[in-house]
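Excluded from the calculations below are hydrogen atoms, water molecules and symmetry mates; all remaining heavy atoms, backbone and side chain alike, are included.
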Amino acid sequence: MSLGKQKKIGVLISKPTAEYQQDILSSIEQRAASYGYYTLVYSIFGGYGKNELFVRGERMLADLPDFRNLDGLLLCMDTFTDDVVTNRLLERVRMRATCPVVCVRRQYDGYHSVLVDDQNSMEGIVDHLVQEHGYRDFCYVSGPKDHPDAVKRLDCFRRMMAKYDIPLTEDDIFYGDFWRNQGPAAVAELLDIRTDYPDVIVCANDYMAMAVCNALADRGIKVPDEIAVTGFDDARDAETQIPALTSVRVDVAGMGRRAVDMLVGLMKNETVPEIDYVSTQVVCRESCGCRGNREAGAAAAVRKYFESTKVADHNNMQTIFMGIDVENAENMDELNECIYTYIFNNDDFRDFFIVLNDTDWASVEPEDMKTFTDKVHLRTAIQETILLGHVDHVFSREDILPDEYVYDVPCGYYIVPLHFQELCYGYAMINYHDHKAPQAFFQYIITIISNVLERLRINVRMKRLVDKLSSLYVSDVMTGLKNRCGFEEDSQRMYEQVKDSGRTLAIISIDMDNLKGINDNYGHAQGDVALRAIANSIYAACFANEECYRVGGDEFQVLATDYSEDDVKRFYERFDAFLEDYNNRSKRPYMVYASYGHVICRGEENHDLGEWMTMSDDLMYANKTENKKHRSLFREPSEGENI
C-alpha cells in the first residue's frame with residue numbers, strides 16, 4: 001500500500017535539526033507508531049541571511065502536504081520565523097484539512113492545543129531566587145515584544161515582582177530575539193545606565209542566558225559571584241555552560257507524547273480538553289548561586305566543547321568534500337553515487353529518497369518551476385542503507401512514496417522541498433532507525449543536492465541550445481533539409497565508412513527546373529513555395545536511411561548507404577509520383593518539376609568523392625536537357641483562380 005493510503009499523522013515544523021525540534025519529533029514519531037500511525041514531518045530549514053529568492057523557495061512547503069489525505073495534523077508553528085510561510089500554511093490547513101488538528105506550544109483559534117504553562121512559567125524560578133538567595137534587584141531579558149511566549153513569560157515575571165514588592169522599570173528589561181547574538185547588547189543596555197550591579201539577570205530562554213553569561217565574562221564580571229543569571233528551557237548546553245546554567249525545564253518529549261495522545265483522542269471522537277498545559281520545573285545549578293561541583297561542571301563543559309567541535313569539523317569537511325565530488329556528476333545516477341558516499345554522515349539513517357517533478361528540464365521556463373507537479377518521479381532510492389541503482393518510478397504525488405518502498409511497520413518520514421532559490425525541483429525524504437530525528441548534516445546534504453539539480457538542469461538546457469544551434473548550422477531553414485554545411489560534413493564521413501567495407505553509397509543529384517522563371521514571373525515567394533514542394537517530394541520518396549540536403553538555390557542532394565540500382569529506381573518513382581500529385585492538386589499557374597541523376601559509389605573503384613559528385617551532376621544535367629524537350633512548365637489558371 002502506498003504511503004498516501006496508510007494511517008498517518010502529519011507534522012508541520014521548521015528547522016528539524018535544532019535541539020527542541022529533535023526532542024519533540026522523536027517523541028511524536030515514537031508515540032504515533034505505538035498507535036499504528038506513520039508520521040509525515042513536513043519541514044524546511046529557514047532562510048539564509050537576506051536571500052529573498054531562497055525564502056520564496058522555502059515557502060513552497062505550503063504546497064507540499066496533501067492536507068485532505070491526513071488522519072491527524074500537529075502544528076508546531078512557533079518554530080517558523082517567516083510570517084508569510086506561517087500564514088500560508090495556516091490558510092492551507094483551514095481550507096483543506098478535514099482531520100483533527102492539534103497545536104503545539106502556540107495556540108490558534110478553533111484548534112486544540114498542548115502548551116507550556118507560560119502564564120505561570122516564571123513563578124518557580126523567581127520563588128527560588130528570592131526565597132533561597134534573597135535577591136531583590138532584578139533585570140530581565142525578554143524575547144521579542146510581539147512573541148506570544150515572550151509576552152506571557154514577561155507578564156508572569158512582572159506579576160512575581162509585584163508579589164515580592166520588588167520594583168521593576170522598563171530600564172530593567174531588554175527585548176531580545178531568543179537567540180545567542182544579543183548578549184553584549186543586553187548587558188550594555190541593562191548595566192551601563194546603573195551605578196551598581198543587579199543581583200540577578202533572569203532570561204526568557206537559555207540561548208540568551210548563555211549569551212549574557214559570556215558578555216558578562218568579557219567585561220570581567222563573575223557569574224554568579226557578582227551577578228547571577230538564569231535561563232529557561234533547560235537546553236542541552238545549559239549543563240555544560242561555565243558556570244552551569246540554572247534554568248526552567250520543559251518536558252519537551254512529554255509534550256510531544258501528550259500532543260499525539262490528544263490528537264488520537266480527537267480522531268476517536270473522545271472528549272479531550274481544549275488545552276493541555278505542560279508544567280515546568282526549576283533546575284538549580286551554579287549560575288544562580290547554588291553550590292555545585294564546579295570542577296566537574298568545567299570538565300564536562302570542556303568535554304562537550306571538544307565533542308561538539310569534533311562533530312562540527314567533521315560535518316564541515318564532509319560538506320566540502322561532497323561539494324567537490326558532486327561537481328563531477330553529469331546525471332542523476334552519478335549524483336546518486338555521490339549521495340550514497342556521504343549520506344552515512346547522517347548517523348542511524350535508514351532510507352533516503354529523492355522525488356522530482358515531472359518536468360522537462362530542457363524546455364521548461366523558470367517561471368513554470370514555482371510549485372510541485374501532480375505526477376512525480378522517484379529518482380533516488382536508498383533503502384535499508386542500500387543504493388537501489390537506477391530508478392525512474394513515475395507515480396502520483398498524493399501517494400508520497402510508491403508501495404514497494406513503504407514498510408509494513410509504521411515509522412516516520414521527514415519530507416523537505418528541493419529547490420534552488422525559488423525554483424522547485426521536487427522533494428526529499430529521509431527516515432531513521434529507532435525513531436531518531438534529523439541531524440545537522442541532513443540540512444547540508446539537501447542544500448548541496450538542490451544546487452546540483454540546478455546545475456544539471458542548466459547543463460541539459462545548454463545542451464539543447466547547443467544542439468539547436470548546431471542544427472541551425474547544418475539546416476536549411478526554408479525547407480527543413482540539411483544545408484551545404486551538413487552535406488559537406490556527412491558526405492565525406494559516409495564515403496569513408498563505405499569505401500573500405502564493401503558497401504555502397506548512392507549519390508543522387510536533384511535540380512529544380514525553371515526556378516528562375518517562377519521567380520521572375522510570380523515573385524520569390526512563389527519560388528519558395530516551389531522549392532518546398534521539391535523538398536517535400538524528396539522526403540516522401542525516402543524509404544530507408546537516406547540523408548537529404550539543399551546544397552544551393554535550386555540544387556538538392558540525397559545520400560543513401562547500401563542502395564542498389566533498384567532502390568534508386570524506387571526512389572525516383574516515389575519522387576515523381578509525389579510531384580505529379582502535387583501538380584494535379586495545385587491551382588498555381590506553373591508546374592513544379594525537377595531533374596535528377598545518380599551514381600552508386602563502390603570503394604573498390606578508384607575515384608575520390610569529388611569525382612563521384614561530378615559524375616552524378618553530369619548525369620543530372622543530361623536528364624535536365626532531355627526534360628526540356630517535352631515538359632511544359634507553365635499553365636493558364638482556370639477562371640477565378642489566383643496564385
Side-chain angles (χ1 to χ4, degrees), residues 473-499 503-520 527-528 530-580 591-631 633:
Y473 171 72
V474 299
S475 297
D476 178 59
V477 176
M478 184 177 69
T479 64
L481 304 178
K482 291 186 178 181
N483 60 18
R484 175 171 288 279
C485 291
F487 176 76
E488 291 176 352
E489 285 186 2
D490 292 349
S491 58
Q492 189 63 47
R493 171 179 55 79
M494 295 173 69
Y495 181 64
E496 294 296 331
Q497 288 174 349
V498 304
K499 185 171 63 174
R503 300 167 65 190
T504 63
L505 175 67
I507 302 175
I508 303 174
S509 300
I510 301 174
D511 198 85
M512 179 181 167
D513 295 340
N514 199 35
L515 175 62
K516 185 176 186 302
I518 295 174
N519 285 337
D520 290 347
D528 292 346
L531 286 169
R532 282 193 287 270
I534 296 293
N536 292 337
S537 299
I538 292 173
Y539 267 131
C542 294
F543 56 87
N545 294 319
E546 300 89 349
E547 296 286 351
C548 308
Y549 310 85
R550 181 186 177 212
V551 295
D554 55 2
E555 301 171 13
F556 299 83
Q557 294 283 353
V558 177
L559 300 175
T561 54
D562 301 320
Y563 248 40
S564 65
E565 288 291 347
D566 287 341
D567 292 326
V568 176
K569 180 181 177 182
R570 181 183 176 190
F571 179 91
Y572 287 158
E573 290 173 347
R574 292 165 62 92
F575 177 77
D576 289 340
F578 191 90
L579 265 187
E580 182 180 1
M591 305 292 284
V592 178
Y593 290 120
S595 302
Y596 41 68
H598 74 278
V599 293
I600 296 181
C601 310
R602 292 175 174 83
E604 62 269 17
E605 300 185 33
N606 191 24
H607 298 297
D608 62 26
L609 180 61
E611 292 172 329
W612 287 113
M613 295 291 303
T614 299
M615 287 187 279
S616 177
D617 285 345
D618 289 345
L619 291 170
M620 180 270 294
Y621 284 120
N623 180 248
K624 182 182 284 287
T625 299
E626 185 66 23
N627 288 336
K628 286 181 179 179
K629 297 177 182 179
H630 58 81
R631 280 182 176 168
L633 300 177

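Between the side chains of Asp567 and Ser564, at least one donor N or O lies within less than 3.5 Å of an accepting N or O. Between the side chains of Gln492 and Glu496, at least one donor N or O lies within less than 3.5 Å of an accepting N or O.
Side chain of Arg550 to backbone of Val477: no donor-acceptor contact under 3.5 angstrom is found. With Arg574 contributing its side chain and Ala541 its backbone, the two residues share a donor-acceptor pair below 3.5 Å. A donor-acceptor contact shorter than 3.5 Å links the side chain of Ser616 to the backbone of Ile507. Remark: side-chain polar atoms of Lys624 are paired, donor with acceptor, to backbone N or O of Met512 under 3.5 angstrom. For Tyr549 (side chain) and Asp490 (main-chain N/O), no donor-acceptor pair under 3.5 Å exists by modelled atom type.
Taking 4.5 Å as the limit, every side-chain heavy atom of Arg484 sits out of range of all side-chain heavy atoms of Gln557. Using a 4.5 Å heavy-atom cutoff, the side chains of Ser509 and Leu619 are not in contact. Within the 4.5 Å cutoff, side-chain heavy atoms of Leu609 are placed close to those of Ser491.
Each of Asp511, Asp576, Asn623 was scored for a side chain to side chain donor-acceptor pair (under 3.5 Å) with Tyr596, with one residue passing: Asp576. Applying the ring pair (Phe, Tyr, Trp, His ring centres under 6.0 Å) test between Phe543 and each of Tyr563, Phe575, Phe571, Tyr572 identifies Tyr563 as the sole match.
When all heavy atoms are compared, the tightest approach of Ala535 to Leu481 is CB-CD1, 3.9 Å. Listed here is the closest heavy atom pair of Arg602 and Trp612: N-CZ2, 3.8 Å. The shortest non-hydrogen separation linking Leu515 to Gly553 is CD2-O, 4.0 Å. Among all heavy-atom pairs drawn from Leu531 and Asp554, the shortest one is CD2-CA, 4.1 Å. The nearest pair of heavy atoms linking Ala530 to Ile518 is CB-CD1, 4.0 Å. When all heavy atoms of Val568 and Ala506 are compared, the closest pair comes out as CG2-CB, 4.3 Å.
For Asp608, the CG atom is densely surrounded, since the number of other residues' heavy atoms within 6.0 Å is greater than 12.
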- Task: Tell me, with the steps shown, if Val474 and Asn483 meet side-chain contact (heavy atoms from CB on, under 4.5 Å).
- Result: CA-CA 5 Å; Val474 299; Asn483 60 18; 4.1 Å; yes
- Stepwise side-chain contact (heavy atoms from CB on, under 4.5 Å) test for Phe578 and Asn536: CA-CA 8 Å; Phe578 191 90; Asn536 292 337; 4.0 Å; yes
- Message: For a side-chain contact (heavy atoms from CB on, under 4.5 Å) check, start with the C-alpha distance between Phe487 and Met613, then their side-chain angles and the critical distance, and finish with the verdict.
- Response: CA-CA 12 Å; Phe487 176 76; Met613 295 291 303; 3.3 Å; yes
